[in-house]
Amino acid sequence: QVQLGESGGGLVQAGDSLRLSCAASGRTFRTNPMGWFRQAPGKERQVVSTITWSGLGIYYSDSVKGRFTISRDNARNTVYLQMNSLEPEDTAVYYCAASTRYAYRDEPLTGVADYDYWGQGTQVTVSS
């Protein structure tokens with residue numbers, strides 16, 4: 001059974017930092033894309049950042065560029081999201097995602113439909 005387990009969310013103040021982790025189990029994703037999406041109340045799930053299998057191809061949404069950093073450890077089957085200078089607008093449920101397709105792809109994938117497995121979500125709340 002494939003599972004993605006997220007951790008690291010919480011309640012912080014504007015300007016603070018958080019680090020999200022997502023550990024995959026049940027199969028390896030070392031050759032496949034992984035990423036982070038978020039969903040605020042009443043809004044659609046949106047891409048935050050994604051990373052290719054090698055870690056060389058990375059995408060950031062404009063709203064987080066310069067503040068968030070994505071990374072992965074293929075030996076641990078884990079992807080991370082370092083979030084700095086958090087803003088109230090970053091408040092959302094953050095979801096880890098992994099794709100079973102597009103092995104060895106060098107361009108990052110940004111569509112919800114590109115990913116096959118999802119974590120249960122971790123709440124990030126940023127107060128002003």
Side-chain angles (χ1 to χ4, degrees):
Q1 182 181 0
V2 178
Q3 290 185 322
L4 302 181
E6 300 125 332
S7 61
L11 171 63
V12 297
Q13 293 186 332
D16 286 350
S17 298
L18 282 174
R19 189 191 193 209
L20 304 183
S21 298
C22 171
S25 60
R27 66 157 284 168
T28 178
F29 290 99
R30 64 179 180 85
T31 63
N32 299 86
M34 299 185 76
W36 292 94
F37 291 71
R38 68 187 181 187
Q39 189 166 16
K43 295 187 177 181
E44 294 184 351
R45 191 169 299 188
Q46 297 179 328
V47 63
V48 174
S49 180
T50 65
I51 187 168
T52 59
W53 69 280
S54 64
L56 298 179
I58 290 176
Y59 170 86
Y60 294 107
S61 68
D62 288 343
S63 60
V64 308
K65 199 172 296 182
R67 300 187 296 121
F68 291 11
T69 303
I70 191 171
S71 60
R72 65 188 295 166
D73 183 340
N74 286 340
R76 289 184 167 83
N77 219 17
T78 299
V79 63
Y80 305 95
L81 187 67
Q82 177 67 42
M83 305 187 294
N84 297 331
S85 303
L86 283 161
E87 303 170 351
E89 292 74 21
D90 296 318
T91 295
V93 177
Y94 283 70
Y95 296 92
C96 171
S99 177
T100 60
R101 297 164 283 161
Y102 309 107
Y104 300 110
R105 179 184 169 99
D106 291 329
E107 293 297 320
L109 295 170
T110 62
V112 170
D114 294 325
Y115 294 86
D116 307 294
Y117 288 100
W118 296 84
Q120 79 284 358
T122 185
Q123 177 70 46
V124 172
T125 303
V126 185
S127 64
S128 58

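Quick note: residue numbers are just sequence positions, from 1. What you see is a predicted model, and the numbers here were worked out from it, not measured in a lab.
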S.K.: Hey, does Y102 have a side-chain heavy atom less than 4.5 Å from the side chain of D114?
M.R.: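 Yes, their side chains come closer than 4.5 Å.
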
S.K.: Verify the cluster assignment for V112 and L4: are they in a single hydrophobic cluster under the rule of side-chain heavy atoms below 4.5 Å apart?
M.R.: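 No.
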
S.K.: With a 4.5 Å cut-off on side-chain heavy-atom distances among I, L, V, M, F, W and Y, is there a chain of contacts connecting F68 to V79?
M.R.: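 Same hydrophobic cluster.
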
S.K.: Of all heavy-atom pairs between K65 and Y60, which one has the smallest distance, and what is that distance?
M.R.: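 The answer is CE-O, 3.6 Å.
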
S.K.: What about the rings of W36 and Y94, do their centers lie closer together than 6.0 Å?
M.R.: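 They do not qualify: ring centres at least 6.0 Å apart.
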
S.K.: To the nearest 0.5 Å, how far apart are CZ in R76 and SG in C22?
M.R.: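 Rounded to the nearest 0.5 Å, the CZ-SG separation comes out at 14.5 Å.
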
S.K.: May I have the step-by-step check of side chain to side chain contact (heavy atoms under 4.5 Å, CB included) for L18 and V12, ending in yes or no?
M.R.: CA-CA 8 Å; L18 282 174; V12 297; 3.8 Å; yes

S.K.: Measure across A14 and P88 and return the closest heavy-atom pair with its distance rounded to 0.1 Å.
M.R.: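 Shortest heavy-atom separation between A14 and P88 comes out as CB-CD, 4.1 Å.
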
S.K.: Going by salt bridge (Lys or Arg N to Asp or Glu O under 4.0 Å), name the pairs with one or both residues in residues 86-112, residues two or more places apart or in two chains.
M.R.: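 Of all non-adjacent pairs touching residues 86-112, those that pass salt bridge (Lys or Arg N to Asp or Glu O under 4.0 Å) are R38-D90, R67-E87, R67-D90, R101-D116.
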
S.K.: Rounded to the nearest 0.5 Å, what's the gap from CD on Q82 to OG on S21? Could you check?
M.R.: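 Spacing of CD (Q82) from OG (S21) equals 9.5 Å.
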
S.K.: I'd like to know if F29 and L109 are part of one continuous hydrophobic network [Ile/Leu/Val/Met/Phe/Trp/Tyr, side-chain heavy atoms within less than 4.5 Å].
M.R.: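 No, L109 does not connect to F29 through the hydrophobic network.
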
S.K.: About how many Å separate OG1 of T50 and CD1 of I58, when rounded to the nearest 0.5 Å?
M.R.: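 The OG1 atom of T50 is 8.5 Å from CD1 of I58, to the nearest 0.5 Å.
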
S.K.: Donor-acceptor pair, E6 side chain versus G121 backbone, under 3.5 Å?
M.R.: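 Yes.
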
S.K.: Apply side chain to side chain contact (heavy atoms under 4.5 Å, CB included) to T100 and R27, showing your working.
M.R.: CA-CA 10 Å; T100 60; R27 66 157 284 168; 3.3 Å; yes

S.K.: Tell me if the aromatic rings of F37 and W118 count as close, with their centers under 6.0 Å from one another.
M.R.: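 Centroid distance F37-W118: below 6.0 Å, so yes.
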
S.K.: Do the side chains of V48 and L86 join up, straight or via other hydrophobic residues, at under 4.5 Å, putting them in one cluster?
M.R.: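 Result: yes, single cluster for both.
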
S.K.: Measure the OH-SG distance between Y115 and C96 for me, rounded to the nearest 0.5 Å.
M.R.: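 With rounding to 0.5 Å, OH (Y115) is 10.0 Å from SG (C96).
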
S.K.: Using atom types as modelled and distance alone, determine if a side-chain donor or acceptor of T78 lies under 3.5 Å from a backbone N or O of D73.
M.R.: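 Not confirmed, T78 side chain does not pair with D73 backbone.
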
S.K.: In the single-linkage hydrophobic clustering (I, L, V, M, F, W, Y; side-chain heavy atoms under 4.5 Å), do V2 and M34 co-cluster?
M.R.: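 Yes, it is one cluster - the side chains of V2 and M34 are joined through contacts under 4.5 Å.
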
S.K.: Please, which pairs that meet salt bridge (Lys or Arg N to Asp or Glu O under 4.0 Å) have at least one residue in residues 119-128, sequence neighbours excluded?
M.R.: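 Sorted result for residues 119-128: empty, none.
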
S.K.: Determine whether the side chains of N74 and R72 contain a donor N or O and an acceptor N or O closer than 3.5 Å.
M.R.: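 Side-chain D/A pair, N74 to R72: present.
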
S.K.: With rounding to the nearest 0.5 angstrom, report the OG to CG distance, S49 to L20.
M.R.: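 The CG atom of L20 is 11.0 Å from OG of S49, to the nearest 0.5 Å.
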
S.K.: Which heavy atom of Y59 sits nearest to which heavy atom of S61, and what is that distance?
M.R.: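 It is CE2-N, 3.6 Å.
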
S.K.: Go through W53 and N32 one step at a time and tell me if the side chain to side chain contact (heavy atoms under 4.5 Å, CB included) criterion holds.
M.R.: CA-CA 5 Å; W53 69 280; N32 299 86; 5.7 Å; no

S.K.: State the OG1-CG distance between T122 and L81, to the nearest 0.5 angstrom.
M.R.: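 Here the interatomic distance stands at 11.0 Å.
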
S.K.: Establish, from distance only, whether the side-chain atoms of N84 and S17 form a donor-acceptor pair under 3.5 Å.
M.R.: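 There is such a pair (donor and acceptor under 3.5 Å, judged by atom type) between the side chains of N84 and S17.
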
